[in-house]
Amino acid sequence: DNPVNQLLVTALCRRLGHRITCVPDGAAAVEAAASRRFDLVLMDMQMPRMDGLEATAAIRASDGPNRAIPIVALTA
């Protein structure tokens, strides 16, 4: 998402005690999901290179550690 919304969501999640990994676009989200296990993915719907629907489909189609992870769509 835009930098302001990204900072807001990150700050709120960290305040609740969560560790956060932010990436700049959908392709980077797919790469991150392939490289390590997450508990939850907050996926922006409108990102450069690959939108949230494409990134979610790629994560689901992979054999990576997050294939069945809950993915929550976010949009401003």
Side-chain angles (χ1 to χ4, degrees):
D1 202 359
N2 70 54
V4 173
N5 290 345
Q6 201 174 60
L7 284 172
L8 175 64
V9 170
T10 298
L12 290 173
C13 290
R14 283 192 176 131
R15 177 184 271 179
L16 294 171
H18 301 288
R19 288 178 290 159
I20 307 299
T21 299
C22 286
V23 296
D25 57 58
V30 173
E31 290 173 17
S35 66
R36 63 182 258 226
R37 175 87 169 101
F38 293 97
D39 295 324
L40 174 73
V41 171
L42 297 177
M43 182 75 73
D44 186 16
M45 294 305 296
Q46 297 177 347
M47 295 179 287
R49 292 179 56 199
M50 182 184 286
D51 68 25
L53 292 175
E54 292 172 310
T56 297
I59 293 168
R60 293 284 185 248
S62 76
D63 290 328
N66 296 295
R67 182 175 187 186
I69 192 171
I71 298 175
V72 177
L74 294 179
T75 186

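Atom set for the values below is all heavy atoms of this structure, side chains included, hydrogens, waters and symmetry mates excluded.
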Results of side chain to side chain contact (heavy atoms under 4.5 Å, CB included) for Arg67 - residues two or more places apart only: Asp63

Atom pairs and distances, side-chain donor-acceptor, residues 26-43, under 3.5 Å, sequence neighbours left out:
unit_1: Ser35; atom_1: OG; unit_2: Ala32; atom_2: O; d: 3.0
unit_1: Arg36; atom_1: NH1; unit_2: Thr21; atom_2: OG1; d: 3.1
unit_1: Arg37; atom_1: NH1; unit_2: Asn66; atom_2: OD1; d: 3.4

For the student: nearest non-hydrogen atoms of Asp51 and Met45, plus distance: CB-O, 3.3 Å

NE2-OG1 distance between His18 and Thr10, expressed to the nearest 0.5 angstrom: 12.0 Å

Contacts of Arg49 that satisfy side-chain hydrogen bond (donor to acceptor under 3.5 Å, both in side chains) - sequence neighbours left out: Asp25

Joint hydrophobic cluster, Ile20 plus Leu16, side-chain heavy atoms closer than 4.5 Å: no

4.5 Å side-chain heavy-atom contact, Arg60 and Ile69: yes

For Leu8, the rest of its hydrophobic cluster, which grows through side-chain links under 4.5 angstrom: Leu12

Check: Ile59 main-chain N/O paired with Ser62 side-chain donor or acceptor under 3.5 Å: yes

